[in-house]
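In listed order, ligands and their atoms are each counted from 1.
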Amino acid sequence: MEIASVIVDVPTRQTDNAYDYLVPSGFEGMVVPGIRVIVPFGPRKVQGFVVGLKNSSDVTKLRELDSLFDIEPVLNEELLQLGDWLTTETLCLKIAAYQAMLPAALKAKYKKFLKLNTSIDKIDWNLQKYFRQNVMVDFEAAMEHSFAKLFKKEIDVGHIEVVYEVKNKGNKKTERSVRLLLTEEELHQAKQSLNKSARKQIKLIDFFLEHRETQSLQKLLQVSGCGESVVKALEEKGIVEIIQTEVYRDPLKDREFTVSNHLPLTEEQAVVFESVKNSMMNHEHEVFLLHGVTGSGKTEVYLQSIDVALHQGKEAIMLVPEISLTPQMVKRFKERFGDRVAVFHSGLSIGEKYDEWRRIYRKEVQVVVGARSAIFSPFQNIGIIIIDEEHEGSYKQEETPRYHTRDVAIERGKYHHCPIILGSATPTLESFARAKKGVYTLLSLKKRVNSRPLPTVEIVDMREELRSGNRSVFSKLLLEKIQDRLEKKEQMILLLNKRGHSSFVMCRSCGDVTQCPNCEISLTFHKYNNMLKCHYCGYEERMGSNCRACGSDAIRYFGTGTQKVEEELLKLMPEARVIRMDVDTTSRKGSHEKLLQHFQSGNADILLGTQMIAKGLDFPNVTLVGVLSADTMLHLPDFRSSEKTFQLLTQVSGRAGRHELPGEVVIQSYTPDHYSILLAAQQHYDTFFTHEMAIRRQNLYPPYFYITLVTVSHEDLMKTIATTEKITKFIKSGLSPQAIVLGPAASPIPRINNRYRYQCLIKYKREPQLNEKLKKVIEHYQQEMGQKGLQIIIDQHPQIMM
Ligand code: ADP
Ligand code: ZN
Ligand code: ZN
């Protein structure tokens, strides 16, 4: 008797454990952990993941599983274990953890087919009838049948393939192909029966006798030297058919990559590389924190470490923040490792992502470069995992499962006995503190490659500018320097740090600020379409000419959007060629890349943009970086606001003077004496660390304390407060006196989309009971969360406090 333990796709706490199903005899031997199956669940049929097999069960009346959803496991042993770990760590459901590890195309809503990859007579004759009419057969229809095992055999040897129907937002590429309809024997007969004068047709048949697989029509015409009419003639005789097939999607195929070789390492780089290599050679799990100033050559160390893994016959995962997954970055990996690299970025369609996943699954590639979710790449023999810009907030997933990529990487590293590199010029306090305690191994690159100097940084006090009558967003100093670069034909980057600094609309008569009717937040003004927009719920309204509160026409917008800066810049310097990069100019697929290429090739003098231009860019001709407003992020209600400001300023400064030309940075600020600004200007990471750690210790924040944030939201305010209060009390009751439970308190954004938001904040050092308590909270409110519109979000180690 074969019994499968299945985690069913029913997203409730009550069903979050494995159910046993009998494997029907037709499927015996085909059910393995990691495949998905369709099972009866109550009156319904649902999908589920097989997590184990056994010969007996405590359940007396076992039901049979219905059919197979996969032939090969989509999750391997390790990833199934990792799913369990995710469940414990983030308190998510098992089914949510498993699904988070798969590409979107593999989710249930996409239809699946069996595709014939060879000529029909090569497969078991029992199956041939399925493919007479079409190369594609509906997967479910075939799997229900008693031929499942035969199908599996053919799939195992590659004659038949499982493919997903993925709609590619209308850009699915197809080409015409020619498919042989006859067996070898039938083909010989057909050849005999042809008139000897049909020389070209005979020639084509001869070709097919040697190459029986489906051919691209275009290629066939080329190699055989026949015209399309000849193929058509064979089609009319029922020998071949012309079909539409999908072209393999290769997101990078249009680009040419030249091969690059290892650079001889600098002394500092060599020391770092040797440590990593040692750990790899000894197959040790070790976490390295690589603290290297901008331009110190961290990427070259990554590349050579990955090369070690490849020589060991192992695989490598290279993670970068989405925003720095630029063509420049990808190019460096493609040039070094060629087609052994798969790339994941958000610009890929669902189909393209699936193709890349499949290349990993089939071991066609050994290196993955990608953003957060690439950490779940189904490799089986990982030699190294690298997380570049480890301080980036985007490594935390802000939806279920709320995992931090760093933690997942370390967990995988333990399993594979391989090292992890966390790299950054501005490591998080958490990571640096761990390195100082010896939990991580600290490696440093203190100098830029070729001893290029770090840029000189000047801070401009914008209050002084205002006092001296300059109301522009540009200080005199910055303007002078921009002018100077324009004359010298050098390039510049101007950063408008927009987060928490949207352009809001205010009435100068009564002071009314136009708010979103659904959220407690002011609306942002978009000049290009004269609309006011809420960035939290999407609400939009036309910008009126009179105040809604008092009717005055003295309304104007405050704050500085990128558009406004661009206009002002062009007024002051009409000759400047400016590229503006923000959400408005980069929303179309590929536009981000185009704008950067435009700048790179020297078609513009100034790259003006938001946070998205601060990271990872390397332009040789950039000699000036200007930060228009350094302090806009400092005053956010978030204990990390100083740290984030320091990181951003350091990163953006690092964009200047990376090559032969020396760089300069101008930072404009209204709080020029703030330590994050002063220390970022001096690029003094260590001093910043010490200073900020003291503040964290005093306020009981990470890395001294862990935090967990519980956010409750509901349409009814009283209900929201009452529920948060109950939860706060309940949690408090089970923790030690050292734990601090704060709340209920209104969230920094107290209402979003007409839902009130309250929170409970838990700070603790060691609370073994906490997870159980939190689980109980979710279980208790399960029913209400399902029906009554109550939402409870539990975020362990939150990155966003809003
Ligand atoms: P980081 O990632 O630390 O900011 P990069 O890896 O981008 O730094 O290196 C900065 C520049 O120095 C790049 O143009 C890179 O090609 C170059 N570089 C790195 N290592 C070497 C080396 N060993 N010899 C010569 N040039 C190097
Ligand atoms: Zn809103
Ligand atoms: Zn008014």
Side-chain angles (χ1 to χ4, degrees), residues 258 260-274 289-307 318-321 324-326 328-333 335-336 369 386-392 421-427 443-455 502 504 513-524 531-541 600 614-622 647 650-661 663 683 685 713 749-757 802:
T258 47
S260 84
N261 291 315
H262 287 338
L263 299 173
L265 295 179
T266 63
E267 240 169 80
E268 274 194 328
Q269 279 175 323
V271 172
V272 168
F273 173 65
E274 280 308 314
L289 177 63
L290 174 53
H291 178 210
V293 298
T294 53
S296 59
K298 294 186 286 294
T299 312
E300 185 62 31
V301 174
Y302 302 153
L303 290 166
Q304 298 200 17
S305 306
I306 291 172
D307 197 53
M318 173 78 220
L319 300 170
V320 298
S324 61
L325 199 49
T326 57
Q328 280 187 343
M329 187 78 178
V330 172
K331 187 164 165 268
R332 285 173 82 174
F333 282 84
E335 284 177 347
R336 198 64 63 88
V369 180
I386 299 166
I387 304 186
D388 191 32
E389 315 280 11
E390 72 94 32
H391 60 277
E392 268 294 303
I421 306 180
L422 310 173
S424 176
T426 52
L443 302 172
S444 311
L445 294 173
K446 296 192 187 312
K447 286 186 299 227
R448 280 189 159 183
V449 172
N450 295 341
S451 305
R452 281 166 205 145
L454 281 167
S502 47
F504 59 97
V513 173
T514 316
Q515 299 262 77
C516 172
N518 310 320
C519 311
E520 228 137 287
I521 200 109
S522 47
L523 294 172
T524 303
M531 295 292 270
L532 293 167
K533 192 167 179 180
C534 172
H535 284 221
Y536 286 87
C537 73
Y539 171 86
E540 271 186 325
E541 67 174 55
Q600 168 115 42
K615 307 281 154 56
L617 299 174
D618 190 10
F619 298 113
N621 202 28
V622 169
Q647 287 164 348
T650 311
Q651 293 291 342
V652 71
S653 303
R655 298 310 118 216
R658 293 168 67 86
H659 295 258
E660 271 67 42
L661 301 167
Q683 307 250 348
Y685 179 83
S713 79
I749 303 173
R751 191 167 54 113
I752 293 182
N753 219 352
N754 285 322
R755 298 172 64 87
Y756 291 92
R757 306 170 77 239
M802 314 284 255

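Ligand 1 has no N or O atom lying under 3.5 Å from any N or O atom of Leu263, backbone or side chain. Ligand 1 has no nitrogen or oxygen under 3.5 angstrom from a nitrogen or oxygen of Leu265. In terms of polar-atom proximity, defined here as any N/O pair under 3.5 Å, Thr299 does make such a contact with ligand 1.
For atom 8 (O) of ligand 1, the closest non-hydrogen atom of the protein is Gly297 N, 3.1 Å. For atom 4 (O) of ligand 1, the closest non-hydrogen atom on the protein side is Gly295 N, 2.8 Å. Here the heavy atom of the protein found nearest to atom 24 (N) of ligand 1 is Pro264 O, 3.8 Å. Of the protein's non-hydrogen atoms, the one nearest atom 16 (O) of ligand 1 is Arg332 NH2, 3.9 Å. For atom 19 (C) of ligand 1, the closest heavy atom belonging to the protein is Val449 CG2, 3.6 Å. When only non-hydrogen protein atoms are considered, atom 13 (C) of ligand 1 lies nearest to Asp618 OD2, 3.8 Å.
At a 4.0 Å heavy-atom cut-off, ligand 1 touches Gln269 through the side chain alone.
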query = Given Val271 and Leu443, is the side-chain contact (heavy atoms from CB on, under 4.5 Å) satisfied, shown in steps?
reply = CA-CA 9 Å; Val271 172; Leu443 302 172; over 6 Å; no
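Rounding to 10 degrees gives 110° for the angle at the Zn ion (ligand 2) between SG of Cys516 and SG of Cys534.
Residues Arg336 and Glu300 are paired through a salt bridge, judged by an N-O separation under 4.0 Å between the basic side chain and the carboxylate.
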